[in-house]
Undergrad: 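Sharing a structure with you now.
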2 protein chains.
Amino acid sequence: MIKGDTKTAILDAAQELIQRRGANAMSYQDISEAIGIRKASIHHHFPTKDALLDALIQRYTAYFLGLVDSVVKSKKDPADQLLAYASLFEATLSEGKQDKACLCGMLGAELSSLGSPAAAGVKRFYRENEARLVRILEEGKVRGQFHFKGDAKLVAAMIFSLLEGGALVARAEGGHKRLHAMAEQTLKLLLK
Amino acid sequence: MIKGDTKTAILDAAQELIQRRGANAMSYQDISEAIGIRKASIHHHFPTKDALLDALIQRYTAYFLGLVDSVVKSKKDPADQLLAYASLFEATLSEGKQDKACLCGMLGAELSSLGSPAAAGVKRFYRENEARLVRILEEGKVRGQFHFKGDAKLVAAMIFSLLEGGALVARAEGGHKRLHAMAEQTLKLLLK
DNA sequence: GTCTATAGCGCGATAGAC
DNA sequence: GTCTATCGCGCTATAGAC
């Protein structure tokens, strides 16, 4: 709280705008209007848009993986862990003024127009998330609770894609409730 | 070939650009350079970008659903139909200069910056695809081949989101081969 | 139907005062 | 650290000649 508060406000505004509309539809002017600061001041904190995106992805990844780890730690049951993991995507969707998808899901669509540090950050987000899903799935299999055939890595990739894609598709119809129903349905396929 | 060839060339170029980079990163100038025509000429065929997007979505939807229907008709086995359906997404991903996702998957991320006819078109694409998946899934269940618990509509939504999301995520890592592996893994979950 | 030319705007980014 | 002012560019879109 001593310093850097403006930086945080900029990142918060940028994140919300991107989650709602995408990076290419978000401008310094939009951020400026959202938090009541001039464009030039934003450039002082983040010289270029690429730098802003990069910082945003780093912060989001750390924050989101932190949520994942704490939510996974708080449950013993892999099935509960999986639903809790999915609920992070659902919560984003229903947060605030709504229609917010995962930041890195949005950026995935815009990957080829991103700077290379930003693009690398998005890929890392995907990898880290899938790695955590693998752990949940393998634990569930060891316990004799999940009964899927095949590679846990592929099931993890499947579930991750389904949640990222589901967040985007559910914005068009059904919203967070529909995403939740999809997550529960997916769990049913794993349990038997 | 008698007429309207320019219109088709414009739509082809626009589609490729959007599938690769997104609608907000695609400009009349890009199309102009791709097909060797002036920007003003594009405006003659499609007065506004919204009109171009709308026409593009209509054409894509008709084309894609046509592929779906013919591919479904050509297979008897629901499991084969499902893999064939998924292969449409895989084929897009590996086509041409690569890294092309589903047009409406890309536009789903940019939904809130689309004009309302375009947005409605994207939603319709989602609905029509899920409806076709429901039919495949129900047929598979009736035949005693698919063994999923729960609502076929939810499983359809799940699979559709997984393919749309998977196309986006697989562009970051693994490409069409990874998407194919995910589709096969999904089928395994349904078969038993 | 395609062209040249240009209007009018919003963008990312920079210079320099305070 | 924030501001005013502005640059230069690319965008969508339009007017009008050919």
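Here is the naming used below: chain letters follow the sequence lines, and residue numbers restart at 1 for every chain.
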Undergrad: Can you measure B/Arg38 atom CZ to D/dT14 atom C1' for me and round it to whole angstrom units?
TA: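 So the CZ-C1' distance, B/Arg38 to D/dT14, works out to 17 Å.
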
Undergrad: Which one of B/Ile159, B/Leu163, B/Leu191 satisfies the side-chain contact (heavy atoms from CB on, under 4.5 Å) criterion with B/Thr186?
TA: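 In the set B/Ile159, B/Leu163, B/Leu191, the residue that makes a side-chain contact (heavy atoms from CB on, under 4.5 Å) with B/Thr186 is B/Ile159.
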
Undergrad: Roughly how many Å is it from CE in A/Met26 to C1' in C/dG10, rounded to a whole number?
TA: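 After rounding, the reported distance stands at 15 Å.
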
Undergrad: Please determine, for the side chain of B/Lys49, which listed nucleotide (C/dC3, C/dC11, D/dT12) has the closest atom?
TA: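 The answer is D/dT12, which lies nearest to the side chain.
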
Undergrad: Expressed in angstrom and rounded to an integer, what is the separation of B/Asp30 atom CG from D/dC11 atom C1'?
TA: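 To the nearest whole Å, that distance equals 10 Å.
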
Undergrad: Nearest-Å distance, CD (A/Gln29) to P (C/dC11)?
TA: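 Value for this atom pair: 6 Å.
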
Undergrad: What's B/Ser41 touching, base or sugar-phosphate or nothing? Going by heavy atoms closer than 4.0 Å.
TA: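 Contact class for B/Ser41: base.
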
Undergrad: So, is A/Thr6 near the phosphate of D/dG1, with a side-chain N or O under 4.0 Å from OP1 or OP2?
TA: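 It does not, given that no N or O in the side chain of A/Thr6 lies less than 4.0 Å from OP1 or OP2 of D/dG1.
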
Undergrad: Counting only side-chain heavy atoms from C-beta out, which of D/dT4, D/dT2, D/dT12 sits nearest to B/Lys39?
TA: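 The nucleotide sitting nearest to the side chain is D/dT12.
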
Undergrad: So with a 6.0 Å cut-off around CZ of A/Arg143, is the heavy-atom count from everything else above 12?
TA: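 More than 12 heavy atoms, drawn from other residues, nucleotides or ligands, come within 6.0 Å of this atom.
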
Undergrad: C/dC11 phosphate, OP1 or OP2: any side-chain N/O from A/Ser27 under 4.0 angstrom?
TA: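 The answer is yes; a side-chain N or O of A/Ser27 sits under 4.0 Å from OP1 or OP2.
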
Undergrad: Rounded to whole angstroms, how far apart are OH on B/Tyr28 and P on D/dG10?
TA: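 My rounded result for the distance is 19 Å.
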
Undergrad: If the cut-off is 4.0 Å, is B/His44 near the phosphate of C/dG1, judged by side-chain N/O to OP1 or OP2?
TA: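 It does, given that an N or O in the side chain of B/His44 lies less than 4.0 Å from OP1 or OP2 of C/dG1.
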
Undergrad: For A/Lys153, I'd like to know if atom NZ has over 12 heavy atoms of other residues, nucleotides or ligands within 6.0 Å.
TA: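 Counting other residues, nucleotides and ligands, NZ of A/Lys153 stays at 12 neighbours or fewer.
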
Undergrad: Could you give the CG-to-P distance, from A/Leu52 to C/dC11, as a whole number of Å?
TA: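 Going from A/Leu52 (CG) to C/dC11 (P), I get 14 Å.
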
Undergrad: Output the rounded distance in Å from CD1 (A/Ile31) to C1' (D/dT2).
TA: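 That distance rounds to 16 Å.
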
Undergrad: Between A/Thr48 and C/dG12, is there a contact of a side-chain N or O with OP1 or OP2 at under 4.0 Å?
TA: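 For A/Thr48, the contact criterion (side-chain N or O under 4.0 Å from OP1 or OP2 of C/dG12) is not met.
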
Undergrad: Quick one: A/His43 NE2 to D/dA5 P, roughly how many Å, whole number?
TA: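 Those two atoms, NE2 and P, are 17 Å apart.
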
Undergrad: Check the side chains of A/His176 and A/Glu90 for a donor-acceptor pair under 3.5 angstrom, ignoring hydrogens and angles.
TA: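 Distance-only check fails for A/Glu90 and A/His176.
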
Undergrad: Centroid-to-centroid, A/Phe89 to A/Phe64, below 6.0 Å?
TA: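 Centroid distance A/Phe89-A/Phe64: below 6.0 Å, so yes.
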
